[in-house]
Amino acid sequence: MDAEHTLLLGNLAQDYYFSKMPINKMVEKYSLSRYLILKYLDEALASGIVEITVHSDYERRVELEKQLKEQFDIEHLYVIQDPENLAKRDDRIAAFAATQVQALIKQCKIVTLAWGETVFEVIDHFVKTERNDLRFVQFMGENMKYRSSTGSMRMVQRAASKYNAHYYTIPGPLYIINDKIRKGFIKEPSISRALDVAKKADLLLCGIGTIESFHSITLWDEHEDEIFPNVDLKQVAGMIFGRPYDINGNFLNPAADKTLSLPIEEIKAIPRRFGIVQGKSKYRATLGALRGGFFTDLVINEATAIRILNELK
């Protein structure tokens, strides 16, 4: 790097980080494109011209992150150190995940999300802002917990309320056993519109479930064999996108998928898929998700990371 280029990187960094100069003003000042300015800012960080120190309520276990990245094809993996008071662990993970997700949302137009307690807690930590050009949308049907604050319809509404943004819901259950009825549902305007928007999403946000969470919903539990025909439930390591998968990240019901949802291939085509795991009891589900490449971004706690590494050994 020559002296002139180093000076340019330093000037750009000072204007951006110290003077808080907007990118559009920097474009005018330096007669550079937005792309080049962002590229040079990244270069300033990578070369050590800029050093960033973060002081927060959570610490990351970088050595565990490195070990897991060596084992799995995932670029953005965060392992949060467990606090001395384990009662604060889930809240710490949700707060960290919320910061990361909101940073990603700044570059997004469409965000699709699942339901569940974990996603609810992350949204609860969102900082309110205004984004009239942003849309939140479901990508699968509801979990039937109508009395729960974590029901899917409230989830997209709650996320949208944090941004004063638009949202779309899927007014139907997650599982429809009758294939003809399910295919008819998908063609309904209210549902097809939401699915059309969801498949164009820039970001997906969801947690990881277990077969126990499936059984916790009485109606699903009573019709287990019809929802998952010919599936050996003993092989289920976790649940994601409404589907069961094994420890190697293979979905167990591809030939008889009863979900009212985007197809798996369209879900995996979403550029950023952000997952959050709370509690070490889901370490097998997390291991399967990592092997299956379900996420581009994942936040887990220290105990889960250690259990996964021990399992690999």
Side-chain angles (χ1 to χ4, degrees), residues 1-58 60 62 65 69 73-78 95-113 122-123 125-137 139 156 159-168 196-205 266-276 295-299:
M1 200 185 309
D2 59 40
E4 186 176 348
H5 186 63
T6 302
L7 180 61
L8 173 62
L9 295 185
N11 288 337
L12 288 170
Q14 290 187 63
D15 282 344
Y16 184 74
Y17 291 107
F18 291 154
S19 303
K20 306 297 181 184
M21 184 180 292
I23 296 292
N24 61 327
K25 295 293 184 183
M26 295 174 68
V27 168
E28 295 176 8
K29 179 177 178 179
Y30 294 97
S31 297
L32 294 172
S33 67
R34 181 183 180 87
Y35 167 79
L36 274 179
I37 289 175
L38 292 174
K39 179 177 180 292
Y40 288 158
L41 288 172
D42 287 342
E43 187 179 341
L45 187 60
S47 64
I49 292 174
V50 173
E51 293 183 358
I52 297 176
T53 302
V54 178
H55 300 280
S56 66
D57 293 333
Y58 35 73
R60 287 168 54 185
V62 178
E65 294 175 2
K69 285 181 179 180
D73 183 21
I74 182 168
E75 185 175 355
H76 309 282
L77 178 66
Y78 310 96
F96 176 83
T99 301
Q100 300 299 318
V101 170
Q102 287 205 280
L104 290 174
I105 289 177
K106 288 181 180 179
Q107 310 300 324
C108 296
K109 295 291 185 180
I110 301 173
V111 178
T112 187
L113 43 85
V122 172
I123 294 171
H125 282 87
F126 279 3
V127 176
K128 278 197 168 246
T129 187
E130 290 284 331
R131 279 286 304 278
N132 291 328
D133 63 331
L134 183 63
R135 290 177 288 175
F136 289 91
V137 61
F139 66 93
V156 289
S161 70
K162 294 284 187 174
Y163 285 87
N164 193 25
H166 305 286
Y167 65 90
Y168 301 91
D196 284 343
V197 173
K199 69 182 179 182
K200 299 172 186 173
D202 308 296
L203 170 68
L204 178 146
L205 174 64
E266 292 185 0
I267 293 174
K268 283 194 167 186
I270 295 172
R272 298 296 287 268
R273 302 179 303 279
F274 198 109
I276 311 101
F295 299 116
T296 60
D297 303 69
L298 183 63
V299 178

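Within the 4.5 Å cutoff, side-chain heavy atoms of L32 are placed close to those of Y40. Side-chain contact check for D297 versus L104: some heavy-atom pair is nearer than 4.5 Å.
A side-chain donor-acceptor contact under 3.5 Å links S47 to the backbone of A44. Counting only distance, with no hydrogens or angles, the side chain of R60 and the backbone of E65 share no donor-acceptor pair below 3.5 Å. Remark: side-chain polar atoms of T112 are paired, donor with acceptor, to backbone N or O of V137 under 3.5 angstrom.
Within the model, atoms CE of M21 and CD1 of I23 stand 10.0 Å from one another, a figure rounded to the nearest 0.5 Å. Rounding to the nearest 0.5 Å places CG of L298 at 5.0 Å from CD1 of I74. To the nearest 0.5 Å, atoms CG (L41) and NZ (K39) are separated by 11.5 Å. Rounded to the nearest 0.5 Å, atoms CG (L36) and CD (E43) are 10.0 Å apart. Distance NZ/K199 to CD1/I110: 11.5 Å, rounded to 0.5 Å. Separation of atoms SG (C108) and CZ (R131) is listed at 7.5 Å; rounding is to 0.5 Å.
The two residues Y167 and A160 have their closest heavy-atom pair at CD2-CB, 3.7 Å. Nearest heavy-atom pair, V27 versus I37, reported as atom, atom and distance to 0.1 Å: N-CD1, 3.5 Å. Residues I270 and R273 come closest through the heavy atom pair O-NH1, 2.9 Å. Scanning all heavy atoms of the two residues, the minimum distance from K162 to F126 falls at NZ-O, 3.5 Å. The two residues Y17 and V50 make their nearest non-hydrogen contact at CE1-CG1, 4.0 Å. Of all heavy-atom pairs between P271 and A201, the closest is CD-O, 3.4 Å.
Every residue was checked against the side-chain hydrogen bond (donor to acceptor under 3.5 Å, both in side chains) condition with K69, not counting sequence neighbours, and none meets it. Listed by chain and number, the residues in a side-chain hydrogen bond (donor to acceptor under 3.5 Å, both in side chains) with Q14 amount to none (sequence neighbours excluded). Under the side-chain hydrogen bond (donor to acceptor under 3.5 Å, both in side chains) criterion, K29 pairs with D15, not counting sequence neighbours.
Between D202 and K109 there is no salt bridge, since no side-chain N of the basic residue sits under 4.0 Å from a carboxylate O of the acidic one.
Partner of Y163 under the side-chain hydrogen bond (donor to acceptor under 3.5 Å, both in side chains) criterion, chosen from R135, K128, E130, Q102: Q102.
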Stepwise, does the side-chain contact (heavy atoms from CB on, under 4.5 Å) test hold for I276 with L205?
CA-CA 8 Å; I276 311 101; L205 174 64; 3.2 Å; yes

Under the side-chain contact (heavy atoms from CB on, under 4.5 Å) criterion, do L113 and I123 qualify, and how do the steps go?
CA-CA 10 Å; L113 43 85; I123 294 171; 4.2 Å; yes

Would H76 and F295 count as a ring pair (Phe, Tyr, Trp, His ring centres under 6.0 Å) here? Give the steps.
CA-CA 9 Å; H76 309 282; F295 299 116; over 10 Å; no

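A 6.0 Å sphere centred on CG of D73 holds no more than 12 heavy atoms belonging to other residues, nucleotides or ligands.
F96 and H125 have their aromatic ring centers separated by at least 6.0 angstrom.
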